[in-house]
Student: 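My questions all concern the structure below.
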Amino acid sequence: MNDHNIVITGFMGTGKSTVSRLVAEKLGRTLVDTDAEIEKRIGKPVARIFAEEGETYFRLVERRMCRFLAAQRGFVISTGGGMLVDDGNRDVMLASGTVVCLTADPEVLAERLRADQSDRPLMRGNWRGLLEQRRSAYESIPIQIDTSHKSPEQIADEIVALCQTASV
Ligand code: S3P
């Protein structure tokens with residue numbers, strides 16, 4: 001396996017963080033979570049960046065973070081759910097390694113997001129509409145894994161196998 005990044009993306013609630021952590025553990029790679037990196041850089045949680053600086057500012061910082069991380073090698077990168085909806089960000093990450101888009105049925109997402117107490121500013125509004133708006137951007141990513149009826153462990157194993165056969 002070469003040292004290209006493994007990038008895990010998808011809508012909120014598709015399991016990116018858990019699956020990315022497992023993939024990083026299995027491969028002995030460093031895990032980078034783009035939201036956590038943005039929070040460190042700006043010095044406040046994403047929900048407060050949205051509330052105090054606005055989404056446009058968050059997207060600007062996110063775009064810079066995307067380019068910074070794509071220039072590194074050997075990471076497992078868990079992206080924020082909106083990062084690769086942007087065409088430029090998607091191209092940059094696709095060029096930096098293997099990008100895997102996690103999906104899930106809306107009913108499964110609703111259930112997971114109810115159980116998860118994370119403060120997600122964009123989940124307060126019409127998230128189903130947002131998912132529809134983003135559908136074509138997510139679908140343009142060649143590797144898709146439907147997580148609806150799989151455990152994080154199964155999904156992580158699938159990604160590891162995929163990267164090994166694709167010699168990522
Ligand atoms: C967002 C998803 C969030 C976070 C921010 C915006 C989005 O990350 O980046 O609230 O636009 O989908 P998670 O997908 O990890 O919740």
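Order of listing sets the numbers, starting from 1, for every ligand and every atom in it. Basis for what follows: all heavy atoms, side chains included, without hydrogens, waters or symmetry-related copies.
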Student: Taking 4.0 Å as the limit for heavy-atom contacts, which would you say applies to Leu130 with ligand 1: side chain only, backbone only, both, or neither?
Tutor: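 No part of Leu130 is near ligand 1 at this cut-off.
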Student: So is Glu62 polar-close to ligand 1, meaning N/O to N/O under 3.5 Å?
Tutor: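 No; every N/O pair is 3.5 Å or more apart.
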Student: Relative to each other, are the rings of Phe11 and Tyr138 parallel, tilted or perpendicular (30° and 60° limits)?
Tutor: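 Correct class here is perpendicular.
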Student: Heavy atoms only, cut-off 4.0 Å: how does Ser78 contact ligand 1, side chain, backbone, both, or neither?
Tutor: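 For Ser78, there is no contact with ligand 1 at all, from either part.
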Student: Would you mind checking if Glu53 and Arg48 are paired as a salt bridge, meaning a charged N to carboxylate O distance below 4.0 Å?
Tutor: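 Not counted as a salt bridge, because no side-chain N and carboxylate O are separated by less than 4.0 Å.
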Student: Do Ile141 and Arg90 touch side chain to side chain, with heavy atoms closer than 4.5 Å?
Tutor: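 They are in side-chain contact.
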Student: Look at atom 12 (O) of ligand 1 and say which protein heavy atom is nearest, naming residue and atom and giving the distance to 0.1 Å.
Tutor: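 Looking only at protein heavy atoms, the one closest to atom 12 (O) of ligand 1 is Arg134 NH1, 2.8 Å.
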Student: With respect to atom 11 (O) of ligand 1, which of Lys16, Met12, Glu39, Arg59 exhibits the smallest heavy-atom separation?
Tutor: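 Closest candidate by heavy-atom distance is Arg59.
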Student: Taking atom types as modelled and ignoring hydrogens, do the side chains of Asn2 and Arg73 form a donor-acceptor contact shorter than 3.5 angstrom?
Tutor: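 There is no such pair (donor and acceptor under 3.5 Å, judged by atom type) between the side chains of Asn2 and Arg73.
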Student: Pick one of side chain, backbone, both or neither for how Glu55 approaches ligand 1, counting any non-hydrogen atom pair under 4.0 Å.
Tutor: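 It is neither part, as no heavy atom is under 4.0 Å.
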Student: Do Leu130 and Met12 have side chains that get closer than 4.5 Å, going by heavy atoms?
Tutor: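 Of all side-chain heavy-atom pairs linking Met12 with Leu130, at least one is under 4.5 Å.
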Student: With heavy atoms under 4.0 Å as the rule, classify the contact between Phe11 and ligand 1 as side chain, backbone, both or neither.
Tutor: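 Looking at Phe11 and ligand 1, no heavy atom falls under 4.0 Å.
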Student: Is Gly80 close to ligand 1, meaning an N/O of one under 3.5 Å from an N/O of the other?
Tutor: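 Such a contact does not occur with ligand 1.
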Student: For ligand 1, which atoms have a heavy atom of Pro121 less than 4.0 angstrom away?
Tutor: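 Near Pro121, the atoms of ligand 1 are 10 (O).
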Student: How close does the nearest protein non-hydrogen atom get to atom 2 (C) of ligand 1, and which residue and atom is it?
Tutor: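 Nearest neighbour among protein heavy atoms for atom 2 (C) of ligand 1, to 0.1 Å: Gly81 N, 3.4 Å.
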Student: Considering only non-hydrogen protein atoms, determine which one is nearest to atom 16 (O) of ligand 1 and report residue, atom name and distance to 0.1 Å.
Tutor: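 Checking every protein heavy atom, the shortest distance to atom 16 (O) of ligand 1 gives Arg120 NE, 2.7 Å.
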Student: Checking a contact table here: which protein heavy atom is nearest atom 15 (O) of ligand 1, and how many Å away?
Tutor: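 Here the closest protein heavy atom is Asp35 OD2, 3.7 Å.
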Student: Taking the six-membered ring of Phe50 as reference, does the NZ or CZ atom of Arg120 fall below 6.0 Å from its centre and within a 45° cone about the axis?
Tutor: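 Verdict for Phe50: no cation-pi partner in Arg120.
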Student: Can a side-chain donor-acceptor contact be found between Thr147 and Arg112 if the only test is distance below 3.5 angstrom?
Tutor: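 Present: a donor and an acceptor within the cut-off.
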Student: Within ligand 1, which atoms have a heavy atom of Val46 less than 4.0 Å away?
Tutor: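 Listed by number with element: 5 (C), 10 (O).
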Student: Does a side-chain N-to-carboxylate-O contact under 4.0 Å join Asp33 and Lys16?
Tutor: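 So Asp33 does not pair with Lys16 through a salt bridge.
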Student: I'd like to check Glu39 versus Lys44 (side-chain heavy atoms, cut-off strictly below 4.5 Å). Are they in contact?
Tutor: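 They are not in side-chain contact.
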Student: What atoms in ligand 1 come closer than 4.0 Å to a heavy atom of Gly82?
Tutor: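 This gives 1 (C), 7 (C), 11 (O), 12 (O) as the contact atoms.
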